[in-house]
Protein chains: 2
Amino acid sequence: MAVQARYEQYEELSRQLGAFGAVKRELGRILPSECASGSAAVVTLLGRHGDMRMSKLAELLAVDMSVTSRHVAHVAERGWIERLPDPADRRSRILRLTPEGHLLLAELSRRTTHLLAERLGDWSEEDVTQLTRLMARLRAGFDDCRALPPRLPPPEPQTTTRTPATT
Amino acid sequence: MAVQARYEQYEELSRQLGAFGAVKRELGRILPSECASGSAAVVTLLGRHGDMRMSKLAELLAVDMSVTSRHVAHVAERGWIERLPDPADRRSRILRLTPEGHLLLAELSRRTTHLLAERLGDWSEEDVTQLTRLMARLRAGFDDCRALPPRLPPPEPQTTTRTPATT
DNA sequence: TATTGTTATACTCTATAACTATA
DNA sequence: TATAGTTATAGAGTATAACAATA
């Protein structure tokens, strides 16, 4: 039946999602000293989208603003960004890459693309494009519903133990 | 030129990889109490591949054995797996799911597939299959070369500051 | 001497809650 | 009263190094 096949697809996708952390860790290992992955994300997003406020950055990072605040403080301490006052709202701060930040961004791009070129050198252009497109779509599917938290499925109709976790 | 286009593909893929943490965090939020994502990975891999030794599990998890040891201890304390002596090597231990572990595995599968069904319900079967296939291939590309650590690209030929990180 | 696995320590990322300053 | 951002605290994941037991 089609439903059964679809759930097996989800199972398999779930396994790939679980194992995908290894890829991100590997990418993290090539980062420059002092620049952890959180810092790299801040610099990369500012380079991609331009100056923005904390709240906007938190949204793009898809993490709580408290986390964003810590990452931004770390990056600002190292001189890669500056925090300008927002003339429209004195509670807010505008984040902007410094010249040193742009240099770091170029270095990050160089290292990342080099590693990906090493690992994906034998991929067809179509496959790279497809993977990027499908990952973006999956992420968008999770972003969209971030307001409403994920719901659990209804409990099993069977009369078996339903919550093995809370033993 | 083609090389330039390829590097732009890598840039875009890199951004998607960076933003992908949000998907994994969302999947982590639906886990049962006491079962963190590390525990879920252990149970899932044992269910998928059957009984195995610590070293094999560490390889499948793609993390250091010390990390594996901690996750396994957590899972064993909750009765989801047992650690049997290995008759072939007394240093080693064979990991096996308990009946409670199988119940937990079923519950994990139920919750994960439900969430994916909610988020990917409008995807074509081809797209789901493609994404799974390409993620597996990308991960394999990183797994294969895990023995040799990722190498950094050669320094820029230009006479600019090459290491903005070590300011 | 080499390998399997455990433990101690330290670092990063994340979320929740309490707090300050401003709207 | 509500919002933008910060800080304190706690929990989870990971790696390195030192260690025990066995091969």
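Lettering of chains follows the sequences in order, A, B, ..., and the numbering in each one begins at 1.
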- Message: A/Arg137: which residues meet the side-chain hydrogen bond (donor to acceptor under 3.5 Å, both in side chains) condition with it, sequence neighbours left out?
- Response: B/Asp127
- Just checking A/Arg70: base, sugar-phosphate only, or nothing, at a heavy-atom cut-off of under 4.0 Å? base
- Task: Would you state whether a donor and an acceptor, one from the side chain of B/Arg90 and one from the base of D/dT22, lie under 3.5 Å apart?
- Result: no
- Message: I want to verify a distance call: between D/dA15, D/dT6, C/dT6, whose nearest atom is closest to the B/Met54 side chain?
- Response: C/dT6
- Task: Mind checking A/Arg53 for me? I need base, sugar-phosphate or nothing, with any heavy atom below 4.0 Å counting as a touch.
- Result: sugar-phosphate
- Return the nearest nucleotide to the side chain of A/Val67; candidates are C/dA15, D/dT14, D/dT7. C/dA15
- B/Asp64 side-chain proximity, nearest of D/dT6, D/dA12, D/dA15: D/dA15
- 5' priority, DNA chain C, between A/Ser37 and A/Ala88 [closest heavy atom]: A/Ser37
- Got a donor-acceptor pair under 3.5 Å from the side chain of A/Ser92 to the base of C/dT22? no
- Any donor-acceptor pair under 3.5 Å linking the side chain of B/Gln9 with the backbone of A/Glu125? yes
- Rounded distance (Å) that lies between atom P of C/dT20 and atom CE of A/Met65: 17 Å
- Roughly, in whole Å, what's the span from NE2 in A/His71 to P in C/dC11? 17 Å
- Message: The side chain of A/Asp89 is closest to which nucleotide in this list: D/dT14, C/dT14, C/dT22?
- Response: C/dT22
- Message: Counting only side-chain heavy atoms from C-beta out, which of D/dG5, C/dT6, C/dA15 sits nearest to A/Ser66?
- Response: C/dA15
- Message: What is the separation between atom CZ on A/Phe20 and atom C1' on D/dG13, rounded to the nearest whole Å?
- Response: 18 Å
- Item | Test item: A/Arg78 side-chain N/O and A/His74 main-chain N/O as donor-acceptor pair under 3.5 Å | yes
- Is any side-chain N or O of B/Arg29 closer than 4.0 Å to OP1 or OP2 of C/dA15? yes
- Closest to side chain of B/Ser55, choosing from D/dT6, D/dA15, C/dG5: C/dG5
- Message: For B/Glu59, is there an ion pair with B/Arg53 - N to carboxylate O distance below 4.0 angstrom?
- Response: no
- Message: Heavy atoms from C-beta onward define the side chain here; which of C/dC13, C/dA21, D/dA23 lies closest to that of A/Arg91?
- Response: C/dA21
